[in-house]
Asker: 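The structure that follows is given in the form of structure tokens.
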There are 2 protein chains.
Amino acid sequence: MGEENGRHNVKATTLKDIAEQTGFTVNTVSRALKNKEDISATTIKLIQEKAQELGYIGNTLASSLRSGMTKTIAVIVADVSNPHFSIAVKEIERAARTQDYTTFILNSYEDQEVEKKAIFSALSKNVDGIIICPSQGSDNNMEILQRTGTPFVLLGRHLDNDTMDYVVSDDEKGGYLATIHLLERGHQSILFLNAHHSISSARERLIGYTRAMMEYGIPVKSELIREVSNISGGSRNELNEVLKSKLEFTAIFAFNDMMAWESIFILNKHNIKVPENISVVGFDNIQSRMFIPFPLTSVSNSKGKTSRKAFEILLKRIYKQNSDVRYHEVVDTRLVIRESTKSLLL
Amino acid sequence: MGEENGRHNVKATTLKDIAEQTGFTVNTVSRALKNKEDISATTIKLIQEKAQELGYIGNTLASSLRSGMTKTIAVIVADVSNPHFSIAVKEIERAARTQDYTTFILNSYEDQEVEKKAIFSALSKNVDGIIICPSQGSDNNMEILQRTGTPFVLLGRHLDNDTMDYVVSDDEKGGYLATIHLLERGHQSILFLNAHHSISSARERLIGYTRAMMEYGIPVKSELIREVSNISGGSRNELNEVLKSKLEFTAIFAFNDMMAWESIFILNKHNIKVPENISVVGFDNIQSRMFIPFPLTSVSNSKGKTSRKAFEILLKRIYKQNSDVRYHEVVDTRLVIRESTKSLLL
DNA sequence: CTGAAAGCGCTTACAG
DNA sequence: CTGAAAGCGCTTACAG
């Protein structure tokens, strides 16, 4: 029943076929195809030509089962269709490919149950490692993952448990820079549309926001700090409510660009113009990758660098280098000023 | 060397462990965990509890090697960081997961060599099937893929070779609707920023464009039809050149929303306002998923439906249903009118 | 430089 | 209802 054998209608060429047609053993064929030093150059040439001729494609399933390495990683993010994550996924896939790693992509939708299944799915595929942006409050899932012994790196968020490797942005600085930018322009009532406080980056951006406010001697009003879902459409209701409540504010600092866009979209629906009536600052600087025709001031967090670094660390873990070190990387952030913020000063 | 065995530091539980601890054979354990009918309920319970207790995670590598099915698919697109593709990838991953399939994601960057490697990478991982948006002029790669016998479905683009399954949008209709919309509003010189004609959707959108122009008795000017790269930033130079050449046009129809946004971005740089000075229509209706604060008129092409359909067809191929049928699905398109288009008539 | 054997962890096909 | 054996296609470790 070769037909049912993973390669479907056409039976795939195996080492055995090459062995039979060249007169060597499977062992020698295997070693020749991997350019091992102890095989004669003539034999290597002969075998590789035959492999080429037969269109041989190695069965990594079999080799992985024996060798214990699959050359596969999994990337688990909240939602690939969020540009922030899709850019990260792209960069990781690209970095992985240069090292002959193939990438599984799994969405957690910020849901712990879905995330748990994603992790088990990855484990059952014997991935060599996992890069994961942990969903809200998923400390438990990460500890389960940690106990399996499979190498993993947290991306963009870290947990209280600091025995795990992570690569994050300097979120506190980002929050600080965004807020200072608005304060410098005379804004004092700044609505912070933040993500849930169980997300480390949300907590740290708030610390930056608070620090900036304090520097300007402005008391932080709790009603100006709103936690909303960072899934597309999540800030809609909250912002509508805020607008209805007649809460006073002249600027919005949004947890990410998606939320910032969404806010602007909603403000426009209410005939409120940006930046004329309200200034808006985002986070992620998606505009560095996509030419969105709305010039949003935003905190840049080098997604390429962050992603590559996460893969690099993962690779070290896979190859058990520096196993006594914890990698806690904080990538710098900076503010990119565009035209969504206006000064209230003359 | 359990350490080096794919599960790293912690040795993974195997069927053998469960067998030893329950007194059954590996065979029975395997069958019990799969709820086979010929195992007694008591045994099933006993074994499943033990599996739970030991935190057993099946090794799909081993089962796949034997059974020939990996429950894995690959999705190959030009670039996941393009929202059009990231949305498709998300939808496919979601559909696949409901059937216990895991998804590899690979980028081809519209490059045939990269694409070829991606295909071989997928094949060597023994994926059960592939969903691929073929890169420009990659008929050859698709034919190689076809000869391997691995089930695959083309997504968004089809080839001259119509023996392959595909799911596409009604691109001709989309091109027609976009153009008619502009013509109805008095635009006669419509710059079409199209993708390369080796892409079927580009050819068909052009047919729609041409048909609409003919209906209005307006000759199609070749200098108004420009083929640009559909990678981010690709339309930049071309549009700058067009603007420098003083070519007359009052509207732009862009191959996709990314290009439309990019065009608006560039027009703005030249102090040309949309829609006041130039009207713009895009394709993909990304705004249905992301609240981009620029209301772009765009052709909608039900990405959710298209993606799910592609997976559905792939699944049929994997399970060898209706193998005498060719699936050539054309999903309807419609125009979503927003505020990036203005009427020239009074 | 090459070969023979064992084994990775499962599932299949068959025996009882 | 359960078991014993073979085998999926490789790689490893060792023999010569």
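Chain naming here is simple, since letters A, B, ... match the order of the sequence lines and numbering starts at 1 in each. Because the structure is a prediction, the values reported are computed rather than measured.
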Asker: Which nucleotide in the set C/dT12, C/dG3, D/dC1 lies at the smallest distance from any side-chain heavy atom of B/Ser67?
Answerer: C/dT12
Asker: Please give, in whole Å, the distance from C/dC8 P to A/Asn59 CG?
Answerer: 18 Å
Asker: Specify the separation, in whole Å, of atom CZ of B/Arg66 and atom P of C/dC10.
Answerer: 14 Å
Asker: What's the CG-P distance between B/Leu15 and C/dT11, to the nearest Å?
Answerer: 6 Å
Asker: How do B/Arg31 and B/Ala62 order along DNA chain D: which one's closest nucleotide is nearer the 5' end?
Answerer: B/Arg31
Asker: What is the distance, to the nearest angstrom, from the CG atom on B/Asp38 to the P atom on C/dG16?
Answerer: 17 Å
Asker: Looking at C/dT2, D/dC10, D/dT2, which one has an atom nearest to any side-chain atom of A/Ser63?
Answerer: D/dC10
Asker: Between the side chains of A/Lys117 and A/Glu113, is the shortest nitrogen-to-carboxylate-oxygen separation below 4.0 Å, so that they form an ion pair?
Answerer: no
Asker: Considering only NZ, NE, NH1 and NH2 on the basic side and carboxylate oxygens on the acidic side, decide whether B/Lys50 and B/Glu53 come within less than 4.0 Å.
Answerer: yes
Asker: Evaluate the ring planes of B/Phe311 and B/Tyr101, with Trp represented by its six-membered ring, and classify them as parallel (under 30°), tilted (30 to 60°) or perpendicular (over 60°).
Answerer: perpendicular
Asker: Please report the distance, rounded to the nearest Å, between CE in A/Met69 and C1' in D/dG9.
Answerer: 19 Å
Asker: Roughly, in whole Å, what's the span from NZ in B/Lys34 to C1' in C/dC10?
Answerer: 9 Å
Asker: Does A/Ser30 have a side-chain nitrogen or oxygen under 4.0 Å from the phosphate oxygens OP1 or OP2 of D/dT11?
Answerer: yes
